[in-house]
Protein chains: 2
Amino acid sequence: MKKSPTLVDVAKLANTSKATAARVFSRSKSANVRQETKARILEAADKLGYSPNLSAASLRSKKTYLIALCIHDITNPSSPSLIRGIQDELAQHGYDLVVFNSDWDPNKEKKNLRAVVRNQLDGLILQDPSDELDVSELPDLPSVILTSNEVFSTVRNTVSTDTVGGVRKALTYLHSMGHDRIGILLGGSVSQITNRKRAYLDFYKSAGLKVEDRLIVDVPFKTRASDTFVMAKELIVDLMRSPQRPSAIFASNDMLGLAALQMAQIEGLQVPRDLSVVGMDDLFSAESASPALTSVSKHRFQVGAQAARNLLNQINSEHSMEKGPINELVECTLVVRDSSGPIAEVDV
Amino acid sequence: MKKSPTLVDVAKLANTSKATAARVFSRSKSANVRQETKARILEAADKLGYSPNLSAASLRSKKTYLIALCIHDITNPSSPSLIRGIQDELAQHGYDLVVFNSDWDPNKEKKNLRAVVRNQLDGLILQDPSDELDVSELPDLPSVILTSNEVFSTVRNTVSTDTVGGVRKALTYLHSMGHDRIGILLGGSVSQITNRKRAYLDFYKSAGLKVEDRLIVDVPFKTRASDTFVMAKELIVDLMRSPQRPSAIFASNDMLGLAALQMAQIEGLQVPRDLSVVGMDDLFSAESASPALTSVSKHRFQVGAQAARNLLNQINSEHSMEKGPINELVECTLVVRDSSGPIAEVDV
DNA sequence: ATGAAAGCGCTAACAG
DNA sequence: CTGTTAGCGCTTTCAT
């Protein structure tokens with residue numbers, strides 16, 4: 001573990017000043033160094049195995065080229081594609097990503113935020129901040145907020161997923177297939193539940209259908225996905241065994257949809273003949289299910305990429321926030337697979 | 001965006017020296033400050049909204065409290081639990097995690113490694129380094145290497161998954177259920193394929209069974225999981241339609257197992273009555289499949305946690321590597337679900 | 001228990 | 001195009 005060489009060492013060996021050597025490794029555009037000198041410096045650096053010390057650089061320049069992503073839980077199946085969308089975009093601009101989990105805990109959330117500023121990270125992407133968090137008093141750094149509904153902020157840039165529109169698309173599709181008694185499986189955070197429930201009620205109203213409370217089921221979420229899954233199945237089986245069971249089920253996320261698929265099989269219901277199932281998230285698990293699960297895609301990868309682009313723009317243009325925040329909305333798309341279809345002929 | 005307060009500002013307001021103030025925020029044990037002074041400093045800091053600048057701290061102390069994880073692809077379904085295992089362990093010790101993707105590209109891998117040293121990260125967890133990478137010339141920092149086989153290093157600490165043992169467990173189980181013609185689905189990297197194939201052949205030999213080449217199928221991996229999935233299904237259907245189809249299939253990863261499940265359903269084969277299927281990885285997709293997929297768990301979460309612990313030990317004990325590297329092996333476990341069972345009665 | 005002083009390695013003016 | 005200089009904000013001896 002011998003001390004690693006510094007810029008001075010390189011400069012000395014290359015017979016130039018520290019400053020010139022620095023320019024060769026600098027990210028800033030104005031790196032005006034003669035080819036010859038540059039070559040000499042690079043050679044010296046190579047010989048010494050020099051690597052710039054970014055701690056020192058950022059102390060001076062106030063830039064770490066590190067971005068923070070604060071999400072609830074990386075273990076959530078839809079996190080990876082979001083992250084990848086962000087990373088791919090960032091990588092193109094030489095930024096790396098630090099990922100924090102909040103586990104839906106406002107305290108951890110705050111703690112993470114503090115770590116973000118301590119570490120001098122250059123930007124922040126924050127997923128669905130908890131209500132306890134006052135967005136207006138977020139640390140003062142470029143940021144974009146990811147929300148799962150059309151919640152706009154007058155303070156910060158946002159990228160939102162039009163989940164309400166997604167629910168509508170799923171229901172519209174199911175209705176167009178002849179289903180008029182559609183069960184809905186709700187779960188997740190309070191706002192998620194209320195939003196999607198409202199979308200469901202709105203749709204029923206506008207389609208002139210009669211709402212049946214029995215068809216609306218809330219699945220309380222547990223910390224571990226497996227636990228939620230087990231719980232979901234118990235509730236779903238009730239729905240399926242009820243005398244007047246729905247001909248279709250819309251699950252507000254794929255885990256619930258998958259649970260429905262599994263219970264249908266166990267209960268001896270043929271999908272989609274006896275029951276159509278539509279999920280939401282379009283996880284790989286949906287594609288790989290048997291039968292493959294029809295699902296509403298939230299385009300997490302694109303959401304990530306868009307958020308990253310938005311953030312980089314902020315970072316690169318000093319006065320970007322002066323015209324007020326930018327609120328972007330990403331549409332959902334229905335991916336029709338084998339778990340859904342027209343309602344069966346009226347049973348004689 | 002006004003300049004944020006520094007330690008001197010805090011010290012001034014609290015009527016002490018910079019040094020004393022520093023001790024209050026320092027991580028090092030020897031923080032000997034009188035309660036009274038400490039309180040005063042904390043109060044001043046609070047009033048000013050002071051937050052330590054870690055760039056400055058690490059320039060001086062050579063510690064960033066940031067760890068690098070270099071994996072192939074975060075989008076891989078088994079990445080999240082690995083990451084979470086690492087993060088949970090690190091968080092307990094005040095470290096955060098920076099995640100890099102290599103996409104199985106040796107160039108990206110090297111590039112990431114350079115970023116690790118530039119950023120002065122305190123440690124490195126490296127997943128299955130490519131053959132092109134000479135492990136002995138990894139950057140000189142605490143590190144642990146994650147391998148998917150019992151590959152030991154005489155240079156670095158490793159945490160390995162006993163996948164070969166996992167394959168054996170799956171086959172032993174299937175054989176104990178009466179299956180003696182077991183198809184195997186291979187895929188992934190070259191070394192993964194060869195290792196698992198050898199395990200398969202070894203098992204067949206020791207069990208005194210006759211190897212049939214037709215039962216061994218290689219699924220070439222594509223970049224996108226969906227593409228691999230489609231490709232897999234085409235190859236699997238051949239296996240299922242062949243005159244002498246196997247009574248069981250062992251898939252060397254869950255994606256392949258899920259593909260088999262889906263094809264079985266499409267081909268009208270009842271699982272597990274007509275065909276038993278066992279996967280490997282124990283993804284959530286396995287649990288949520290219909291029927292739920294029996295799978296070999298590689299305990300990714302624990303692997304991550306163990307790697308993180310190993311790394312932290314190295315970091316905290318100067319001379320840890322003097323006694324030579326530590327090589328840990330994590331066993332696989334078979335999780336029996338509904339996709340596998342005894343072989344059907346001999347067909348009359 | 002506290003303070004004074006000397007940098008860590010680099011960047012950012014500014015001069016030439 | 002290149003060199004000089006002055007710190008960035010903190011940690012770390014070394015005194016007191």
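Letters A, B, ... are given to chains in the order of the sequence lines, protein chains preceding strands, and every chain is numbered from 1.
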[N] [atom2] sits how many Å from [X] [atom1], rounded?
X      : N      : atom1 : atom2 : result
B/I41  : C/dA1  : CD1   : P     : 13 Å
B/Q120 : C/dC10 : CD    : P     : 9 Å
B/R40  : C/dA1  : CZ    : C1'   : 12 Å
A/Q35  : D/dC1  : CD    : P     : 9 Å
B/K12  : C/dA4  : NZ    : P     : 13 Å
A/D9   : C/dC8  : CG    : C1'   : 13 Å

Is a salt bridge present between B/R84 and A/D73, judged by a nitrogen-to-oxygen distance below 4.0 Å? yes

Can we say A/D103 and A/K108 salt-bridge, meaning some charged N sits less than 4.0 Å from an Asp/Glu carboxylate O? yes

Determine yes or no for a side-chain-to-main-chain donor-acceptor pair under 3.5 angstrom, with B/Q120 supplying the side chain and B/S55 the backbone. no

Between A/T147 and A/D128, do the side chains contain a donor N or O and an acceptor N or O under 3.5 Å apart? no

cation_pi(A/R27, A/Y65) dist<6.0 Å, angle<=45: yes

Base contacts versus sugar-phosphate-only contacts with protein, heavy atoms under 4.0 Å: please encode nucleotides 8-16 of chain D as B, S and - from 5' to 3'. BBBBB----

Compare side-chain N and O positions of B/S17 against OP1 and OP2 of C/dG3 and report whether any pair is under 4.0 Å apart. yes

Does D/dT2 have OP1 or OP2 under 4.0 Å away from a side-chain N or O of A/T16? no

Please list, chain by chain and in numerical order, all residues satisfying side chain to side chain donor-acceptor pair (under 3.5 Å) with A/D96, sequence neighbours excluded. none

